[in-house]
Amino acid sequence: MISIQQNDFNVGDEYAALVANDTAAGAVVTFVGRVRDLNLAREVQGLQLEHYPGMTEKSLQEIVAQAQSRWKILRWRIIHRIGNLYLGDNIVFVGVSSAHREDAFHSAEFLMDYLKTRAPFWKKELTADGSVWLDSQEKDQQAMQRWE
Amino acid sequence: MISIQQNDFNVGDEYAALVANDTAAGAVVTFVGRVRDLNLAREVQGLQLEHYPGMTEKSLQEIVAQAQSRWKILRWRIIHRIGNLYLGDNIVFVGVSSAHREDAFHSAEFLMDYLKTRAPFWKKELTADGSVWLDSQEKDQQAMQRWE
Amino acid sequence: MIKVLFFAQLREQLQCAELSVAESDAQTLAQLHEYLTGQHPLWAEFLNNEKLLMAVNQTIVKVSQVLQSGDEVAFFPPVTGG
Amino acid sequence: MIKVLFFAQLREQLQCAELSVAESDAQTLAQLHEYLTGQHPLWAEFLNNEKLLMAVNQTIVKVSQVLQSGDEVAFFPPVTGG
């Protein structure tokens, strides 16, 4: 399930949902992305997260379908927050359960690499010097291209 | 911190400890291994987990030191349960926080690959036909060798 | 009509989030682009950014994409979520 | 004395978890191995398993390892945790 929401999420609850009544799930990987204090040497105070409603969900569904064609995934969950977020706030949750750890690790990393380069979200950083739109990073493109 | 224990762990609590008061942690990866119902086509009912006390902790500390020399890790946590475990029970928790997702994903996967091949734990599977010691798997050796 | 959306930094640069264009003025994405920069000369600087992405009906496409009435077109900078 | 430990399937096969050997009987790990199979002919089948791992003072070592009094030696099958 994909959720785009302003509200925070709870990692313990999301983990519980990924494995509830599923004794086939031998491996569960979760990733959480958070607002951190230093980005490219700027002191970040917070983020404003904009997205393209509708296309966000559609692009994430396509990314999940790709992951499912490459790895054996039992359950998955993507949550991306939007709006104003502050230092230490959770931004994104990706969770995958699988029989085997390789499938869980690789599909979770794939989902994040693709989300970072294909899903229409944009971050505006709030720093002491004002706000500035984040530039996309070459290393994210490279991370994504590993899977091609 | 490394814990070898009979008791279960709580993924939400472990996540909270990995990020508490740390605004540098932009990325957190957790892995949970669980007792699953089918292993190599045998119907598993549970596991008995034996370990080599003392060496277990020592070997895991060495594995963590290796990971820290390869990736920028902020905080890490390893929990491995021992004793009798049943279908759907948690077995192992590995959690890593880092500024960047590559470091968090790769160090967590490395820790698991090494744990699977280097840490002195042994599983005895309980099936309807009796109990049987698990054989080590070639694919785990191969997974470990990727990092060398 | 074709619905045109702008997001993030581009929305702020153009000072416009959404507008409509008659399909006769925009039979392809390339024509729509030309029409917009013709109507709004100040936008050219921003719309000519090679890094901009374009989506039609919420799928990223190339500039040769043919448009039809009812399409939803979006222009936006490279994404930075996650 | 040298403390010798056996784990998991090997412990069950030998029906022994722990024993002590005088250091004079085991100056290297190879000698200890020879001593054990000499004393317990029924163990040879299991101790000659090429896949067995050996640790001295909780670090995996090769069979050429020199031993001294007080060492803790362990023999065990390939690990299967996680």
Side-chain angles (χ1 to χ4, degrees), chain B residues 2 4 31-36 39-40 47-63 78-83 85 90-94 108-125 131-141 143-144, chain D residues 1-21 23 26 28-29 32-33 36 40 42-82:
Chain B
I2 292 165
I4 313 297
F31 174 84
V32 177
R34 303 168 76 242
V35 183
R36 72 173 198 282
N39 189 29
L40 309 173
L47 290 177
Q48 208 174 308
L49 250 154
E50 179 173 332
H51 77 306
Y52 179 175
M55 181 169 169
T56 320
E57 292 81 351
K58 189 178 172 182
S59 63
L60 291 173
Q61 284 288 5
E62 288 166 0
I63 293 167
I78 298 177
I79 306 171
H80 203 299
R81 296 180 69 191
I82 50 173
L85 299 175
N90 293 327
I91 303 172
V92 60
F93 176 89
V94 166
E109 194 177 3
F110 172 92
L111 289 173
M112 276 308 303
D113 284 349
Y114 269 64
L115 188 157
K116 281 251 172 198
T117 49
R118 299 273 175 93
F121 293 99
W122 300 274
K123 281 182 191 138
K124 192 175 199 173
E125 282 188 352
S131 67
V132 56
W133 288 99
L134 217 64
D135 261 335
S136 65
Q137 286 194 55
E138 185 54 33
K139 68 168 185 171
D140 287 326
Q141 293 295 333
M144 194 266 287
Chain D
M1 297 298 275
I2 289 165
K3 182 170 153 187
V4 184
L5 305 171
F6 305 106
F7 287 98
Q9 188 166 21
L10 184 64
R11 175 176 46 72
E12 292 187 354
Q13 290 165 334
L14 307 189
Q15 296 176 36
C16 178
E18 179 175 345
L19 55 79
S20 290
V21 173
E23 53 269 29
T28 66
L29 204 45
L32 172 62
H33 186 275
L36 290 172
H40 308 270
L42 292 176
W43 289 10
E45 175 187 355
F46 307 114
L47 285 176
N48 290 335
N49 178 352
E50 277 190 0
K51 286 189 171 176
L52 280 194
L53 299 174
M54 292 157 289
V56 172
N57 300 328
Q58 307 185 349
T59 297
I60 290 178
V61 294
K62 294 184 176 156
V63 76
S64 57
Q65 175 76 26
V66 172
L67 299 179
Q68 47 192 346
S69 184
D71 277 353
E72 177 178 297
V73 176
F75 293 86
F76 48 80
V79 304
T80 56

Original post:
Looking at B:M55, B:Q48, B:K116, B:E62, which makes the most heavy-atom pairs under 4.5 Å with chain D?
Top reply: B:M55

Original post:
Would you say D:Q9 and B:E50 make side-chain contact, with heavy atoms under 4.5 Å?
Top reply: no

Subject >> Segment of B:R118 engaging chain D (4.5 angstrom heavy-atom cut-off) >> reply: backbone

**OP:** Would you please name every residue forming a ring-ring contact (aromatic ring centres under 6.0 Å, His included) with D:F7, sequence neighbours left out?
**Re:** B:Y52, B:W122

Original post:
Contact part of B:T117 toward chain D, heavy-atom cut-off under 4.5 Å: side chain, backbone, both or neither?
Top reply: backbone

**OP:** With chain B as the partner chain, list the residues of residues 48-57 of chain D whose heavy atoms fall under 4.5 Å from it, by residue number, and write 'none' if nothing qualifies.
**Re:** D:A55, D:N57

**OP:** Ignoring hydrogens and angles, tell me if any N or O in the side chain of D:T80 forms a donor-acceptor pair with the backbone of B:K123 under 3.5 Å.
**Re:** yes

Original post:
When you measure from the side chain of B:H80 to the backbone N and O of D:G82, does any donor-acceptor pair fall under 3.5 Å?
Top reply: yes

